[in-house]
Amino acid sequence: MKRIGYLLLLLCIFLSCKSKTGDNDQDTTANGKPLDQTQALLQQFKPLINGVWIKKDYIKKVKKSKSPLAAVDKGKGITVMYIDTAQLKGDSIMVPIILNNHEGSTVALRFQSGKNTTTIELGDDELSYKVKNDDTTLIIYNYNSQTKETITTQYIRALQPKPADGLASGMNYMINHAILSGKYEGTDAMGKKINAVFTDDGKVSGLAGLTTYYVQNDLIVAPERSGHDQIIFNLNTKDQKVYSFIINKRTINLYNDAEQIKSNKPSYTLKKKRE
């Protein structure tokens, strides 16, 4: 009987050790969370979140007002971000962002659940998404521990690959498309007929000596001139030219200086053709 009791004791000890070992067999990430959770979240989010994303309420106001200056109150916080899941290291991706349409930075996107299973960690905030009619919208949730309020900010995709000339080009592309791109006809200050074309990617033709354009949206570096929006042609070249502009319905007026604005004698008056 003693021998049987001894064998039973050894069996219990063996099973107990195996159970404890099994509890520690599950692989974990650096923060101690299981890898299978990361893989599940990757499978859920990965097909939807790649690309260059633009702050939705900012571009919406730019389009409605036809003025980045009028929308400056919406151009705060993260205005552009680029997510590339091919850059995943462990359970995280470093996401390049632009703050306030001005400052470049990065934030860590971690494929770990936030406060619920529909969000993942983005720096101190959380990221989720919604899909409607095959269009994806990303949502950042910012939790204010002092006020107990949650601020939500939505983002729409501008481009799939990252622009070769920098992340800010994603915002420029969306602004150009929203308020300026198209074919125009009109006149210059001397009454000469003009036919011009502005493209989404910042090219212009039909205006003598001008080949590229940039609609100023970084109002931290370059505050508005004379209280009006600016368009910069041939940016960062010896032939750079800056105009103030006012868009009224389908017509854009380009002004060389404040006196032109006051007298309403623009350098160019261009009316967009209907497609």
Engineer: Heavy atoms, side chains only, cut-off 4.5 Å: are Thr269 and Leu254 in contact?
Structural biologist: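 They are not in side-chain contact.
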Engineer: Among Asn217, Val80, Val215, find the residue that satisfies the side chain to side chain contact (heavy atoms under 4.5 Å, CB included) test when tested with Asn172.
Structural biologist: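 Only match with Asn172 under side chain to side chain contact (heavy atoms under 4.5 Å, CB included): Asn217.
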Engineer: Less than 4.5 Å apart, any side-chain heavy atom of Leu207 and any of Tyr268?
Structural biologist: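 Side chain of Leu207 against side chain of Tyr268, heavy atoms only: contact under 4.5 Å found.
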Engineer: What closest approach, in Å, do Ile78 and Ile140 show between heavy atoms, and which atom pair accounts for it?
Structural biologist: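 Closest approach of Ile78 to Ile140: CD1-CD1, 4.1 Å.
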Engineer: Provide the closest heavy-atom pair for Ser67 versus Asp229 in the form atom of the first, atom of the second, distance.
Structural biologist: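 It is OG-OD2, 2.5 Å.
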Engineer: Quick one: pull up CE in Met81 and CG in Leu109 and give me the separation to the nearest 0.5 Å.
Structural biologist: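 Interatomic distance, Met81 CE to Leu109 CG, rounded to 0.5 Å: 8.5 Å.
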Engineer: Can you classify the ring geometry of Phe233 versus Phe198 as parallel (below 30°), tilted (30 to 60°) or perpendicular (above 60°)?
Structural biologist: tilted
Engineer: Is there a salt bridge (Lys or Arg N to Asp or Glu O under 4.0 Å) between Lys193 and Asp188 once you walk through the steps?
Structural biologist: CA-CA 7 Å; Lys193 289 185 178 181; Asp188 63 13; over 6 Å; no
Engineer: Tell me, do Val62 and Ile179 make a side-chain contact under 4.5 Å, heavy atoms counted?
Structural biologist: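 Yes, at least one pair of side-chain atoms sits under 4.5 Å.
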Engineer: Where is the tightest heavy-atom contact between Gly51 and Arg157, given as atom of each residue plus distance?
Structural biologist: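 Shortest heavy-atom separation between Gly51 and Arg157 comes out as CA-CD, 4.3 Å.
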Engineer: Drop me the distance from Ile83's CD1 to Trp53's CH2, to the nearest 0.5 angstrom.
Structural biologist: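 Going from the CD1 atom of Ile83 to the CH2 atom of Trp53 covers 7.0 Å.
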Engineer: Do the side chains of Tyr141 and Thr118 get nearer than 4.5 Å, heavy atoms only?
Structural biologist: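 No, every pair of side-chain atoms sits at 4.5 Å or beyond.
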Engineer: Check the pair Thr199 / Ser181 against side-chain contact (heavy atoms from CB on, under 4.5 Å), numbers first and verdict last.
Structural biologist: CA-CA 5 Å; Thr199 64; Ser181 299; 5.6 Å; no
Engineer: Take a 6.0 Å sphere around CG of Asp124 and say whether it holds more than 12 heavy atoms from other residues, nucleotides or ligands.
Structural biologist: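 Incorrect, the count does not exceed 12.
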Engineer: Report yes if some heavy atom in the side chain of Ile232 is under 4.5 Å from a heavy atom in the side chain of Lys241; otherwise report no.
Structural biologist: no
Engineer: Please report the shortest heavy-atom distance between Phe245 and Lys66, naming the atom on each side.
Structural biologist: CE1-O, 4.1 Å
Engineer: Search all heavy atoms of Lys162 against all heavy atoms of Val52 and return the closest pair with its distance.
Structural biologist: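 Here Lys162 and Val52 meet closest at CA-CG2, 4.1 Å.
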Engineer: Can you name the nearest heavy-atom pair linking Ser92 to Arg110, along with the distance?
Structural biologist: OG-CG, 3.4 Å
Engineer: Do other residues, nucleotides or ligands put more than 12 heavy atoms under 6.0 Å from Lys273 NZ?
Structural biologist: yes
Engineer: Are Tyr255 and Ile246 side-chain neighbours, meaning at least one heavy-atom pair lies under 4.5 Å?
Structural biologist: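 The answer is yes; the side chains approach within 4.5 Å.
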